[in-house]
Amino acid sequence: MPQALQRSPNGPSTNIIGSPFIELQSVDSTNNYARQQIHAGLAQHGQAFFAHDQVAGKGQRGKVWLAEPGQNIILSIVVDPAALKVDQQFQLNACVALVLLDLFKKYGGDETRIKWPNDLYWQDRKAGGVLIESGVRSRSERTPLEESGASTWEWLIVGIGININQTSFPSSLPNPVSLKQITGKTFDPVELAIELCAILETRFSQLISIGFEKIYEDYLSGLYKKGELVKFKKDNRIFEAIVRTVTTSGKLVVQHTIEEEFDFGEVEWMASPTRY
(Lines give C-alpha, C1' and ligand atoms only; values in the text may rest on other atoms or scores of the structure.)
Protein backbone atom coordinates (compact mmCIF):
# COMPACT_ATOMS: atom_id res chain seq x y z
CA MET A 1 0.00 0.00 0.00
CA PRO A 2 1.28 3.54 -0.65
CA GLN A 3 2.74 5.46 2.27
CA ALA A 4 0.44 8.24 3.41
CA LEU A 5 1.10 11.51 5.22
CA GLN A 6 -1.94 12.82 7.07
CA ARG A 7 -2.65 16.45 7.86
CA SER A 8 -5.95 17.99 8.90
CA PRO A 9 -6.39 21.65 7.91
CA ASN A 10 -9.91 21.86 9.28
CA GLY A 11 -9.34 20.57 12.80
CA PRO A 12 -10.28 17.23 14.39
CA SER A 13 -13.84 17.01 13.08
CA THR A 14 -14.42 14.05 10.79
CA ASN A 15 -17.57 15.60 9.35
CA ILE A 16 -15.87 18.39 7.40
CA ILE A 17 -14.86 17.77 3.79
CA GLY A 18 -11.07 17.75 3.61
CA SER A 19 -10.56 16.42 7.12
CA PRO A 20 -8.48 14.35 7.28
CA PHE A 21 -6.47 15.37 4.20
CA ILE A 22 -4.17 12.49 3.25
CA GLU A 23 -1.26 12.88 0.83
CA LEU A 24 -0.14 9.87 -1.21
CA GLN A 25 3.23 10.01 -2.94
CA SER A 26 2.20 7.55 -5.66
CA VAL A 27 -0.93 5.54 -6.33
CA ASP A 28 -2.59 3.81 -9.26
CA SER A 29 -5.79 5.87 -8.91
CA THR A 30 -7.03 7.98 -6.02
CA ASN A 31 -10.57 6.76 -6.70
CA ASN A 32 -9.35 3.16 -6.47
CA TYR A 33 -7.49 3.95 -3.24
CA ALA A 34 -10.56 5.61 -1.74
CA ARG A 35 -12.69 2.62 -2.68
CA GLN A 36 -10.23 0.27 -0.99
CA GLN A 37 -10.47 2.34 2.18
CA ILE A 38 -14.27 2.20 2.05
CA HIS A 39 -14.34 -1.56 1.60
CA ALA A 40 -11.83 -1.97 4.44
CA GLY A 41 -14.06 0.09 6.74
CA LEU A 42 -11.38 2.78 7.10
CA ALA A 43 -13.05 5.67 5.27
CA GLN A 44 -15.33 8.38 6.59
CA HIS A 45 -17.29 11.30 5.18
CA GLY A 46 -15.05 14.13 4.07
CA GLN A 47 -11.84 12.12 3.91
CA ALA A 48 -9.68 13.43 1.06
CA PHE A 49 -6.92 11.53 -0.75
CA PHE A 50 -4.42 13.65 -2.69
CA ALA A 51 -1.85 11.99 -4.97
CA HIS A 52 1.41 13.61 -6.03
CA ASP A 53 1.65 10.95 -8.73
CA GLN A 54 -1.11 8.82 -10.25
CA VAL A 55 -0.05 6.08 -12.66
CA ALA A 56 -3.46 4.81 -13.78
CA GLY A 57 -5.82 7.77 -13.48
CA LYS A 58 -9.40 7.39 -14.67
CA GLY A 59 -11.57 9.80 -16.62
CA GLN A 60 -15.18 9.72 -17.77
CA ARG A 61 -16.46 6.81 -19.88
CA GLY A 62 -13.35 4.66 -19.41
CA LYS A 63 -10.86 7.29 -20.56
CA VAL A 64 -7.43 7.72 -18.97
CA TRP A 65 -6.56 10.86 -16.98
CA LEU A 66 -2.91 11.75 -17.62
CA ALA A 67 -1.04 14.08 -15.26
CA GLU A 68 2.61 14.96 -14.75
CA PRO A 69 3.82 13.96 -11.26
CA GLY A 70 3.74 16.70 -8.64
CA GLN A 71 2.22 19.35 -10.89
CA ASN A 72 -1.55 19.05 -10.58
CA ILE A 73 -4.54 18.43 -8.34
CA ILE A 74 -5.28 14.70 -8.24
CA LEU A 75 -7.88 14.24 -5.54
CA SER A 76 -10.61 11.88 -4.40
CA ILE A 77 -13.06 12.67 -1.62
CA VAL A 78 -15.34 10.26 0.23
CA VAL A 79 -18.87 11.62 0.59
CA ASP A 80 -21.57 10.22 2.85
CA PRO A 81 -24.55 9.65 0.53
CA ALA A 82 -27.14 9.42 3.30
CA ALA A 83 -28.56 12.88 2.59
CA LEU A 84 -28.90 12.27 -1.16
CA LYS A 85 -31.15 10.04 -3.23
CA VAL A 86 -29.89 8.21 -6.30
CA ASP A 87 -32.07 10.39 -8.55
CA GLN A 88 -30.12 13.43 -7.28
CA GLN A 89 -26.95 12.33 -9.05
CA PHE A 90 -26.91 15.30 -11.41
CA GLN A 91 -27.37 17.65 -8.47
CA LEU A 92 -24.16 16.29 -6.97
CA ASN A 93 -22.42 16.48 -10.36
CA ALA A 94 -23.46 20.10 -10.76
CA CYS A 95 -22.38 20.91 -7.21
CA VAL A 96 -18.90 19.46 -7.74
CA ALA A 97 -18.49 21.06 -11.19
CA LEU A 98 -19.37 24.40 -9.62
CA VAL A 99 -16.69 23.88 -6.98
CA LEU A 100 -14.07 23.50 -9.74
CA LEU A 101 -15.42 26.62 -11.40
CA ASP A 102 -15.30 28.58 -8.13
CA LEU A 103 -11.65 27.66 -7.50
CA PHE A 104 -10.30 27.98 -11.04
CA LYS A 105 -12.13 31.21 -11.81
CA LYS A 106 -10.60 32.82 -8.72
CA TYR A 107 -7.09 32.32 -10.13
CA GLY A 108 -7.66 31.83 -13.87
CA GLY A 109 -10.22 34.50 -14.58
CA ASP A 110 -13.71 35.01 -15.91
CA GLU A 111 -13.27 32.93 -19.05
CA THR A 112 -13.61 29.78 -16.96
CA ARG A 113 -16.71 27.69 -17.71
CA ILE A 114 -18.37 24.33 -17.02
CA LYS A 115 -18.66 22.16 -20.11
CA TRP A 116 -21.69 19.90 -19.70
CA PRO A 117 -21.92 17.83 -17.65
CA ASN A 118 -18.92 18.54 -15.40
CA ASP A 119 -15.70 19.35 -17.28
CA LEU A 120 -13.73 22.47 -16.39
CA TYR A 121 -12.91 24.69 -19.38
CA TRP A 122 -10.96 27.91 -19.87
CA GLN A 123 -11.88 29.47 -23.20
CA ASP A 124 -12.04 26.39 -25.48
CA ARG A 125 -9.45 24.34 -23.56
CA LYS A 126 -9.93 21.69 -20.90
CA ALA A 127 -8.45 22.44 -17.49
CA GLY A 128 -10.02 19.71 -15.38
CA GLY A 129 -12.68 17.10 -14.91
CA VAL A 130 -14.77 15.15 -12.44
CA LEU A 131 -15.38 11.42 -12.04
CA ILE A 132 -17.99 10.48 -9.44
CA GLU A 133 -18.20 6.78 -8.63
CA SER A 134 -20.76 5.13 -6.39
CA GLY A 135 -21.98 1.88 -4.97
CA VAL A 136 -25.73 1.26 -4.94
CA ARG A 137 -27.32 -0.92 -2.29
CA SER A 138 -29.28 -3.75 -3.86
CA ARG A 139 -32.92 -4.38 -2.91
CA SER A 140 -31.99 -7.52 -0.98
CA GLU A 141 -29.51 -5.53 1.13
CA ARG A 142 -31.95 -2.81 2.19
CA THR A 143 -33.31 -2.63 5.69
CA PRO A 144 -37.06 -2.62 6.39
CA LEU A 145 -36.81 1.10 7.16
CA GLU A 146 -35.63 1.89 3.63
CA GLU A 147 -38.07 2.54 0.84
CA SER A 148 -38.71 -0.78 -0.87
CA GLY A 149 -38.96 0.72 -4.33
CA ALA A 150 -36.05 3.18 -4.21
CA SER A 151 -32.38 2.51 -4.81
CA THR A 152 -30.00 3.89 -2.20
CA TRP A 153 -26.31 4.74 -2.39
CA GLU A 154 -23.94 2.74 -0.25
CA TRP A 155 -20.97 5.03 -0.88
CA LEU A 156 -19.83 7.94 -3.07
CA ILE A 157 -16.36 8.96 -4.26
CA VAL A 158 -15.80 12.35 -5.87
CA GLY A 159 -12.71 12.22 -8.10
CA ILE A 160 -11.23 15.53 -9.28
CA GLY A 161 -8.35 16.32 -11.63
CA ILE A 162 -7.23 19.89 -12.39
CA ASN A 163 -4.20 21.01 -14.43
CA ILE A 164 -2.21 23.40 -12.25
CA ASN A 165 1.50 23.71 -13.13
CA GLN A 166 1.87 21.31 -16.04
CA THR A 167 2.92 23.03 -19.28
CA SER A 168 3.67 20.06 -21.55
CA PHE A 169 0.92 17.59 -22.43
CA PRO A 170 0.73 14.40 -24.53
CA SER A 171 -0.23 14.98 -28.16
CA SER A 172 -3.20 12.65 -27.64
CA LEU A 173 -4.86 15.39 -25.58
CA PRO A 174 -6.40 17.81 -28.09
CA ASN A 175 -6.99 20.94 -26.02
CA PRO A 176 -5.47 20.94 -22.50
CA VAL A 177 -4.58 24.02 -20.49
CA SER A 178 -3.20 24.62 -17.00
CA LEU A 179 -3.40 27.45 -14.51
CA LYS A 180 0.31 28.17 -15.01
CA GLN A 181 -0.14 28.49 -18.78
CA ILE A 182 -2.94 31.00 -18.22
CA THR A 183 -1.31 33.09 -15.50
CA GLY A 184 2.43 32.48 -15.86
CA LYS A 185 2.53 31.73 -12.13
CA THR A 186 3.47 28.56 -10.22
CA PHE A 187 1.01 27.34 -7.60
CA ASP A 188 1.09 24.84 -4.73
CA PRO A 189 -1.28 22.03 -5.83
CA VAL A 190 -1.71 20.77 -2.26
CA GLU A 191 -2.76 24.16 -0.94
CA LEU A 192 -5.19 24.60 -3.83
CA ALA A 193 -6.62 21.12 -3.17
CA ILE A 194 -7.19 22.03 0.49
CA GLU A 195 -8.91 25.23 -0.63
CA LEU A 196 -11.03 23.20 -3.05
CA CYS A 197 -12.13 20.92 -0.18
CA ALA A 198 -13.29 23.98 1.77
CA ILE A 199 -15.30 25.21 -1.22
CA LEU A 200 -16.85 21.76 -1.62
CA GLU A 201 -17.82 21.77 2.05
CA THR A 202 -19.65 25.06 1.51
CA ARG A 203 -21.37 24.02 -1.73
CA PHE A 204 -22.29 20.53 -0.48
CA SER A 205 -23.77 22.02 2.71
CA GLN A 206 -25.71 24.43 0.51
CA LEU A 207 -27.11 21.53 -1.52
CA ILE A 208 -28.13 19.56 1.57
CA SER A 209 -29.50 22.43 3.65
CA ILE A 210 -31.30 24.70 1.18
CA GLY A 211 -31.65 22.57 -1.94
CA PHE A 212 -30.56 22.64 -5.56
CA GLU A 213 -32.02 25.94 -6.78
CA LYS A 214 -29.03 28.25 -6.16
CA ILE A 215 -26.49 25.66 -7.32
CA TYR A 216 -28.52 25.08 -10.48
CA GLU A 217 -28.72 28.82 -11.15
CA ASP A 218 -24.96 29.23 -10.71
CA TYR A 219 -24.28 26.14 -12.85
CA LEU A 220 -26.30 27.56 -15.75
CA SER A 221 -24.59 30.94 -15.36
CA GLY A 222 -21.23 29.23 -15.86
CA LEU A 223 -22.32 26.90 -18.68
CA TYR A 224 -19.85 26.61 -21.57
CA LYS A 225 -21.16 27.77 -24.98
CA LYS A 226 -24.58 28.70 -23.65
CA GLY A 227 -26.42 30.61 -26.38
CA GLU A 228 -23.80 29.68 -28.98
CA LEU A 229 -23.88 27.49 -32.07
CA VAL A 230 -21.95 24.26 -31.54
CA LYS A 231 -21.22 21.31 -33.80
CA PHE A 232 -22.35 17.95 -32.38
CA LYS A 233 -22.22 14.31 -33.42
CA LYS A 234 -24.82 11.71 -32.55
CA ASP A 235 -24.12 8.27 -33.98
CA ASN A 236 -23.49 9.01 -37.70
CA ARG A 237 -25.28 12.36 -37.70
CA ILE A 238 -23.30 15.61 -37.48
CA PHE A 239 -25.31 18.76 -36.87
CA GLU A 240 -25.06 22.30 -35.50
CA ALA A 241 -27.33 23.54 -32.73
CA ILE A 242 -27.50 26.33 -30.19
CA VAL A 243 -26.82 25.31 -26.60
CA ARG A 244 -29.94 26.42 -24.72
CA THR A 245 -29.72 24.99 -21.20
CA VAL A 246 -29.35 21.91 -19.03
CA THR A 247 -32.44 20.49 -17.35
CA THR A 248 -32.64 19.93 -13.59
CA SER A 249 -32.22 16.21 -14.28
CA GLY A 250 -28.98 16.84 -16.21
CA LYS A 251 -30.05 16.65 -19.86
CA LEU A 252 -28.44 18.98 -22.39
CA VAL A 253 -31.01 21.00 -24.35
CA VAL A 254 -30.06 22.25 -27.83
CA GLN A 255 -32.01 24.03 -30.54
CA HIS A 256 -31.73 23.79 -34.33
CA THR A 257 -34.76 23.19 -36.54
CA ILE A 258 -36.18 21.40 -33.52
CA GLU A 259 -35.35 21.28 -29.83
CA GLU A 260 -33.56 18.15 -28.63
CA GLU A 261 -32.48 16.81 -25.24
CA PHE A 262 -29.54 14.50 -24.68
CA ASP A 263 -28.34 12.43 -21.75
CA PHE A 264 -24.63 12.28 -21.04
CA GLY A 265 -22.94 9.96 -23.52
CA GLU A 266 -25.62 10.33 -26.19
CA VAL A 267 -23.97 13.20 -28.08
CA GLU A 268 -20.38 14.20 -28.79
CA TRP A 269 -19.05 17.76 -28.92
CA MET A 270 -17.02 18.30 -32.09
CA ALA A 271 -13.76 20.26 -32.10
CA SER A 272 -13.62 23.95 -33.01
CA PRO A 273 -17.26 24.91 -32.45
CA THR A 274 -18.71 27.66 -34.61
CA ARG A 275 -19.42 30.87 -32.67
CA TYR A 276 -22.96 32.17 -32.88
Side-chain angles (χ1 to χ4, degrees), residues 2-11 16-31 33-34 46-60 63-77 96-115 118-131 158-203 222 224:
Q3 292 184 340
L5 171 67
Q6 180 171 317
R7 64 187 187 188
S8 181
N10 295 311
I16 296 175
I17 291 175
S19 178
F21 186 94
I22 298 170
E23 292 180 52
L24 307 166
Q25 291 306 311
S26 182
V27 70
D28 60 344
S29 158
T30 54
N31 269 27
Y33 187 89
Q47 199 161 15
F49 301 98
F50 177 97
H52 292 271
D53 184 21
Q54 180 176 245
V55 298
K58 297 187 291 183
Q60 290 280 9
K63 294 180 180 179
V64 176
W65 181 268
L66 301 172
E68 189 175 301
Q71 300 302 313
N72 305 301
I73 291 177
I74 305 169
L75 183 69
S76 291
I77 301 165
V96 177
L98 201 53
V99 169
L100 272 65
L101 179 70
D102 290 342
L103 178 73
F104 205 87
K105 189 174 182 178
K106 176 180 176 180
Y107 298 99
D110 291 340
E111 294 183 273
T112 308
R113 294 289 185 269
I114 300 168
K115 182 182 175 184
N118 54 19
D119 279 340
L120 179 67
Y121 263 57
W122 182 83
Q123 294 185 355
D124 291 327
R125 302 169 69 183
K126 185 173 180 178
V130 175
L131 177 62
V158 175
I160 295 169
I162 304 178
N163 301 327
I164 302 300
N165 296 320
Q166 187 167 341
T167 57
S168 178
F169 295 90
S171 58
S172 58
L173 300 178
N175 60 345
V177 70
S178 70
L179 204 52
K180 185 172 183 177
Q181 287 176 317
I182 295 167
T183 66
K185 300 176 182 179
T186 300
F187 297 84
D188 183 338
V190 174
E191 293 303 320
L192 288 183
I194 292 172
E195 184 176 354
L196 185 146
C197 287
I199 298 171
L200 180 56
E201 169 67 23
T202 299
R203 285 290 191 180
Y224 176 70

Hey, what do you get for CD (E68) to CG (N165), rounding to the nearest 0.5 Å?
-> 9.0 Å
Side chain to side chain contact (heavy atoms under 4.5 Å, CB included) partner of L75, the single match among V190, N31, L196, L200 = L196
Does any non-hydrogen side-chain atom of N163 lie less than 4.5 Å from one of V177?
-> no
pair V96-N118: side-chain heavy atoms closer than 4.5 Å | no
At what distance, to the nearest 0.5 angstrom, does CD of Q47 lie from CD1 of I16?
-> 14.0 Å
Beyond-backbone contact of L192 with L179, side-chain heavy atoms, under 4.5 angstrom = yes
Spatial distance of atom CZ (F50) from atom CG (N72) [nearest 0.5 Å] | 8.5 Å
Heavy atoms, side chains only, cut-off 4.5 Å: are Y121 and N175 in contact?
-> yes
For K105, which residues count as a side chain to side chain donor-acceptor pair (under 3.5 Å) partner, sequence neighbours excluded?
-> none
So, the side chain of E201 versus the backbone of I17: is there a donor-acceptor pair under 3.5 Å, distance only?
-> yes
Report the distance from atom CG of L103 to atom OG1 of T112, rounding to the nearest 0.5 Å.
-> 9.5 Å
Quick one: NZ on K126 to CG on D119, what's the gap to the nearest 0.5 Å?
-> 4.0 Å
Apply the test side-chain contact (heavy atoms from CB on, under 4.5 Å) to residues K180 and Q71: give CA-CA distance (whole Å), side-chain angles for both, the deciding distance (0.1 Å), then the verdict.
-> CA-CA 10 Å; K180 185 172 183 177; Q71 300 302 313; over 6 Å; no
Quick one: salt bridge (charged side-chain N to carboxylate O under 4.0 Å, His left out) partners of R203, sequence neighbours excluded?
-> D102, D218
So, do Q181 and R125 sit near enough that their side-chain heavy atoms are less than 4.5 Å apart?
-> yes
For F49, check ring-ring contact (aromatic ring centres under 6.0 Å, His included) against everything at least two apart and list the hits.
-> Y33
So, do Q54 and S29 sit near enough that their side-chain heavy atoms are less than 4.5 Å apart?
-> yes
Can you tell me how far the CG atom of L101 sits from the NZ atom of K115, to the nearest 0.5 Å?
-> 15.5 Å
Classify the angle between the aromatic ring planes of F187 and Y107 as parallel (below 30°), tilted (30 to 60°) or perpendicular (above 60°).
-> perpendicular
